[in-house]
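Each chain gets a letter, A, B and so on, in the order the sequences are listed, and its residues count up from 1.
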Amino acid sequence: MAIAAAPHGGGIADHIHPEPQSFVRRYVFSIDHKIIGIQYIITGFVFFVLAGLLAETIRIQLMHANGGFVSPQTYNEVYSIHGSTMVWLVVIPLLTGGFGNLVFPLQIGARDVAFPWLNMLSYWIFPIAGLMLFSSFLMGAPTAGWTEYPPISLEGQAGTSMWAAAIFLVGVSSTLTGINFVVTIMKMRAPGMTFTRMPLFCWGQFATAPLLMIATTALAAALAALFMERQFGVPFFDPTKGGSPVLWQHMFWFYSHPAVYIMILPAFGIVSEVLPTFSRKPIFGYKLIAFSSMAIALAGFMVWAHHMFTSGLAPYLQLPFMVITFVIAVPTGIKIFSWTATLWGGKIHYTTAMLFAMGFLVLFTLGGITGIFLAAIPFDLHLHGTYFVVAHFHYVLVGGSLMGIFSGMYYWFPKMSGRLLSEKLGKWHFWLFFIGFNGTFLPMHWLGLEGMPRWVSTYDPQFQFWNQFASISSFVMTAGILLFFANILYSIRFGKVAGANPWGARTLEWQIPSPPHYYNFKHIPTVYGLPYDFSQPLPYRGLEDELNDTPPPVAAGAH
Amino acid sequence: MAVASITQGGHDSHGEIDQLYIETRELRLQGFLLFLVSDCVLFSSFIFAYLYLRNSGQGWPPAGINRLDVAFAAVNSVVLFGSGATMHYALENWKHGNFMKFAWMLIFTIVLGVGFLCGQGYEYTNLIFHDHVSWWGSGIFGASFFTLTGMHGFHVFVGVCYLTVLLLQSAGGVYTKDKYFGLTAGTLYWHFVDVIWVVLFSIFYLL
Amino acid sequence: MVEKNAPAVRLGRGFWIVTAVLAILAIASIVFWYVAPIYRWMHLPVAIATAKQVDQLSRFMLATGSALYIFVVGYIVYFAIAFRVRKSDPPDAIGIQIHDNHKLEFWWTVIPAAFVVLLSVLSIKIWYEITLAPSNGLVVEAIGHKWYYTFRYPQVNGEITNAMHLPIGVPVTLNLTSADVIHSFWVPAMRLKNDMVPGLVTQIHFTPTRIGTYQIICTQFCGIDHSLMHQQRFVIDSQANYQKWYHAWQVKNAKVSNALPSTSGASVNLAAGDVAAGKALFAQKCTACHAMAPFTTVKYGPGLLDVLHDPTHPNLVNGQPANPADAAAILEKGYTGTMGSMPNAVTNGLSSQDIANLVAYLNSMK
Ligand code: HEA
Ligand code: HEA
Ligand code: CUA
Ligand SMILES: [Cu+2]
């Protein structure tokens, strides 16, 4: 970027607003991307606890073949809100709004995102939508799962409309975030930060942002139609009025398949930062990893009907969907293999962040492979709607996205707070979580193969043993997560002071103080190369003053 | 990068306006275009829904519903496209400093936009009270027709309001010959609304 | 490039030993999936011909998937152990500074791609057999309700509400639909399911190959008692037992239907029907509920394109054979079935001549 050659200089990079002083402007209605990122993370984890408690309600109910912990009606509400919350209020906001906001503007050497005010708006829509979603419990929550297939969702209680409105709002928030991120990455990189020098976490966000923008809007249309049909009787999906229930499935999955990549691509990005840092090695195959993220994002738009193999699509229409879904294994495989190769010949430091990243590799790969199984139509005709699917998606979502989130938390917590999380508690967290996770979700594979359907509050007694096994394991997992929260609460006050760069990492965010100044960089650095070459000096110039006492850059004054 | 290339072109390089403005305009323009893209996806989804329902084997228009009146809608479309043209000239005039002409063109645009809305209102009244076709009571025909054209009408309505604000702002000296991003955005938005109408007109009236 | 403290780029002996071990484990896992009687452990018998092929595909995927997984995880674990930092390493020790290896990248793109092609071919082959419609099979209808299934058989009035019986060895086409919300029809022993969508008729095809009693399970959330929708049975009988069961039903339902106003024997002179007049009338009175499209295109009532000539739908919705006289009876008396109510001639405002014209028109379509 030829800022230096521009006639006057004084572009955005030199335009620094004075730091707001009041508490409200600083921490509540903040327009600082770092604060907004932290707001997203805190809110996301609050919803995570709620949705996790709902998950434990599910597991307690399923301890016994006859259920009995909650009524079937409540059970249905519980898993519907569990799924909806985990997807829309936990994983997506944490990975995009949370880590995205917190990290990638620092990594590309920007002072903020392109539209800080819009960023604040995106954030504030999110807790409001979350409250709306949970308030649906008061008026009879939706029961038809996070997918809310009509016509059953047309019969649902009033809360179903509330659900639609809440998810619509989350969608608006995601769309705005997507626009903001695309523009930021396109236009606000530091001089020399070309696309082929961008850290892979930024690539992850860059592949995700268009999905946020485009897929989410398609969902908004579906939700609007469902809402209108429920509230005003405008027929789209009701077959007795000429509508088509299958239409909803197309509209929903056209969003929700890309949405699963919204939930995994940023996690790929996190892993791509953590692995090279703690192996003390350049990431293996940088360009292919970056490229394959884009390929996955693109192909993600062409496979939605693999959720609908049993919905009565014309059989010949199903074939291309099956084959394109298989094809996604290729770019994803490239990533998995490249990460594995990154470990080879490294000097691996077993920090908790690294453990979670390696756990990610192990668990996500299993979930991905069962995804490929499900994509094979003959196999899916057997297993659609069973616990095998539940097993698949928890492996990719919990073993993938959530492990990625934990890895990111251990990795960037020092940058947020200036203190390290306790490694000892962290390792307990990891092992309890890893073991508990496998104990919970591995048996679901054979439960599904043997014939246990999803969405059931009671089941055939032959499945009771493995369900109890899963439930008890899920308590182990919960214990691990409790340690995580305990760790955060403890370390934020008593943790070791981190310093600017506790991990010896090489991306830009580690070259400035923890937590960074309001204006991020005293001088915008110039970038000369990829961040991952441990044998080379850091590829940045202009960072000399960041860690000393030189005065901050002059604020441009109020406008 | 892009910022540098902007500074090469036209009157911007005379140094009358500052770097900050140039870069900010770039950002806003791109953000605004992306907003239009996602808005376009919103329309596309409903258009997909409409085409899907239309082809679900029930015949179109469904029994008991007459074909839409193409002639009237065609005239109304011409009104809307006309407003697209006047908007184009409005912006051109602003760029060349003909502020009075700009104002007249913008006023024409607003009037034509309102005209289109009136036409649509007339068409709706006719359908509802004469043909008894309603949003919720006429099956998927009513649902898709009123939802899509209504969404478009709402966009026109928002556009008319926005253009009115732009008119007041430009009269109040908010924009200069070099700094007129709001006008660019307004023009883009208005053209976008036109293009959507081309699609809607084809699939509802011509298909 | 200055390699500070960095070891050289070379695969050690350990790597090859580990590779050999992993290869053995991978082969062992493949053998395991092929010899282990997994579906027997799971109490999942093979009830139809294609189920066996689905199992073969599953075995193939499980076997290759595990082999692949063993390699990925094996290397991760090995690298994790072999390349950990040791106490003796200087604090700034770094790993081997290697960025990529085009040969390696080529192979790990091409091998999965080839595998994808293979998997596609295998899946398409089996998919083709699963979806292949038999030309002269038995056609049965299954309808999902909250929270049970009903079945309609050719030449049987009314609906069967408990177990569904089928003869062994006879190809079957099952027409699936729903009376309320989306349900699904899954027989794990068939490794086959399909949704039952209201307003749509979907089909599955199969040939029973094993006598026995199996579960039917609903796998699509359908309301409060979805969990209980697995209690009906899918029974495959010997041909003789099936015939016995079938006739018992026929007789029983004949009695029942005598008690109802008979739907056969409409008092209409069908010979006088005029196709053109019927066509006009149809457009005017029937298209609100029926499309001129195959039976499976449901608008409110079923599609009527080949109602009198459709081999997959040999009976009318009331169980009577699809011939002009019985169709005329439906037009005259109306019929209420699972899709809803078909109005009678009075409600539709049809004269006898109108009915004759309509039936002539229907008969002319195919
Ligand atoms: C990212 C997404 C995500 C995550 C992380 C999870 C996490 C978990 N999920 Fe869930 N799940 C879904 C997404 C997710 N799930 C979706 C989309 C569905 C489908 C819904 C549908 O069918 O519509 C589903 C459905 C689903 C089902 C199937 C329900 C059914 O079909 O009947 C089950 C059953 O076991 C389950 C279990 C669990 C468990 C045990 C966890 C555990 O990993 C949860 C662990 C977390 C906790 C236990 C929280 C721990 C914290 C505390 C307890 C702290 C206490 C607080 C303090 C003191 C601070 N989930
Ligand atoms: C983070 C979320 C996430 C991710 C990343 C994925 C990834 C994939 N998913 Fe999954 N999926 C879900 C979340 C996710 N999914 C959810 C939530 C549902 C259920 C929704 C509901 O009904 O409630 C679901 C359901 C679902 C179904 C529908 C099942 C059904 O309902 O009948 C299918 C079917 O095709 C599928 C396939 C895939 C495939 C092929 C991938 C691929 O992207 C995976 C690619 C990865 C690999 C293959 C592993 C690594 C690759 C290698 C090691 C290379 C070599 C491998 C081979 C050659 C095989 N998924
Ligand atoms: Cu019927 Cu579930
Ligand atoms: Cu998918």
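- Considering C:Asn194, C:Asp195, C:Thr219 as possible partners of A:Thr310, the one that fulfils the side-chain hydrogen bond (donor to acceptor under 3.5 Å, both in side chains) test is C:Asp195.
- Neither the backbone nor the side chain of A:Glu148 has a heavy atom closer than 4.5 Å to any heavy atom of chain C.
- Distance alone, capped at 3.5 Å, places no donor-acceptor pair between the C:Gln97 side chain and the A:Asp533 backbone.
- The parts of C:Ile76 that come within reach of chain A are both its backbone and its side chain, each placing non-hydrogen atoms under 4.5 angstrom from that chain.
- Using a 4.5 Å cut-off between heavy atoms, A:Leu383 contacts chain C through its backbone alone, with no side-chain atom that close.
- Contact annotation for C:Thr202: only side-chain heavy atoms (C-beta onward) come within less than 4.5 Å of a heavy atom of chain A.
- Only the side chain of C:Leu200 comes within contact range of chain A, judged by heavy atoms closer than 4.5 Å.
- For chain A, the nearby parts of C:Leu62 are the backbone and the side chain; heavy atoms of each come within less than 4.5 Å.
- Using a 4.5 Å heavy-atom cutoff, the side chains of C:Gln215 and A:Asp460 are in contact.
- Residues C:Val73 and A:Thr365 have side chains not in contact (no heavy-atom distance under 4.5 Å, counting atoms from C-beta outward).
- Using cut-offs of 30° and 60° for the angle between ring planes, the C:Phe221 and A:Trp455 rings count as perpendicular.
- The two residues A:Lys281 and C:Gly95 have their closest heavy-atom pair at CG-CA, 3.8 Å.
- Looking at every heavy atom in both residues, C:Tyr75 comes nearest to A:Thr340 through CB-CG2, 4.0 Å.
- When heavy atoms are compared at a cutoff of 4.5 Å, A:Ser338 approaches chain C by way of both its backbone and its side chain.
- By number of non-hydrogen pairs under 4.5 angstrom with chain A, the leading residue of C:Cys222, C:Pro188, C:Pro198, C:Gly199 is C:Pro198.
- Here C:Glu105 does not pair with A:Lys287 in a salt bridge; the nearest charged N to carboxylate O distance is not below 4.0 Å.
- Annotation: side chain of C:Ser123 is not in contact with side chain of A:Phe379 (no heavy-atom distance under 4.5 Å).
- A 4.5 Å side-chain heavy-atom check between C:His99 and A:Tyr286 finds every atom pair outside the cut-off.
- Neither the backbone nor the side chain of A:Asp238 comes within less than 4.5 Å of any heavy atom in chain C.
- The backbone N or O of C:Val85 sits nowhere less than 3.5 Å from a side-chain atom of A:Tyr350 that would complete a donor-acceptor pair.
- When heavy atoms are compared at a cutoff of 4.5 Å, C:Ala51 does not approach chain A at all.
- Nearest heavy atom pair, residue A:Phe326 against residue C:Ser120, reads CD1-OG, 3.4 Å.
- Under a 3.5 Å cut-off, the side chain of C:Ser227 and the backbone N or O of A:Ser457 do form a donor-acceptor pair.
- Annotation for C:Val197 and A:Ser311: closest pair CG2-O, 3.9 Å, computed over non-hydrogen atoms.
- In this structure, C:Ile124 and A:Met322 have side chains that are in contact, with non-hydrogen atoms separated by less than 4.5 Å.
- Looking at A:Tyr149, only its side chain comes within 4.5 Å of chain C, counting heavy atoms on both sides.
- In this structure, chain A has heavy atoms under 4.5 Å from both the backbone and the side chain of C:Leu192.
- Contact of A:Ile283 with chain C is made through the backbone alone, with heavy-atom distances under 4.5 Å.
- The contact between C:Ile182 and chain A is made by backbone and side chain atoms together, counting heavy-atom distances below 4.5 Å.
- Here CG of A:Leu288 is found 8.5 Å from NE2 of C:His102. Values are rounded to the nearest 0.5 Å.
- Side-chain atoms of C:Asn101 and A:Phe284, non-hydrogen and from C-beta on, do get closer than 4.5 Å to each other.
- Interface remark: C:Ile224 contributes backbone and side-chain atoms alike to the contact with chain A (heavy atom separation under 4.5 Å).
- Atoms NE2 and CD1, from A:His382 and C:Ile130 in turn, are 11.0 Å apart once rounded to the nearest 0.5 Å.
- Only the side chain of C:Leu104 comes within contact range of chain A, with at least one heavy atom under 4.5 Å from a heavy atom of that chain.
- Only the side chain of A:Ile336 comes within less than 4.5 Å of a heavy atom in chain C; its backbone stays farther off.
- Summarising the geometry of C:Val181 relative to A:Glu155, their closest heavy-atom pair is CG1-OE2, 3.3 Å, with the distance given to 0.1 Å.
- Heavy-atom distances place both the backbone and the side chain of C:Thr109 under 4.5 Å from chain A.
- C:Ile96 is listed as a side-chain neighbour of A:Trp344, based on a closest heavy-atom distance under 4.5 Å.
- No side-chain heavy atom of C:His226 sits less than 4.5 Å from a side-chain heavy atom of A:Thr143.
- Using a 4.5 Å cut-off between heavy atoms, C:Trp186 touches chain A through its side chain atoms alone.
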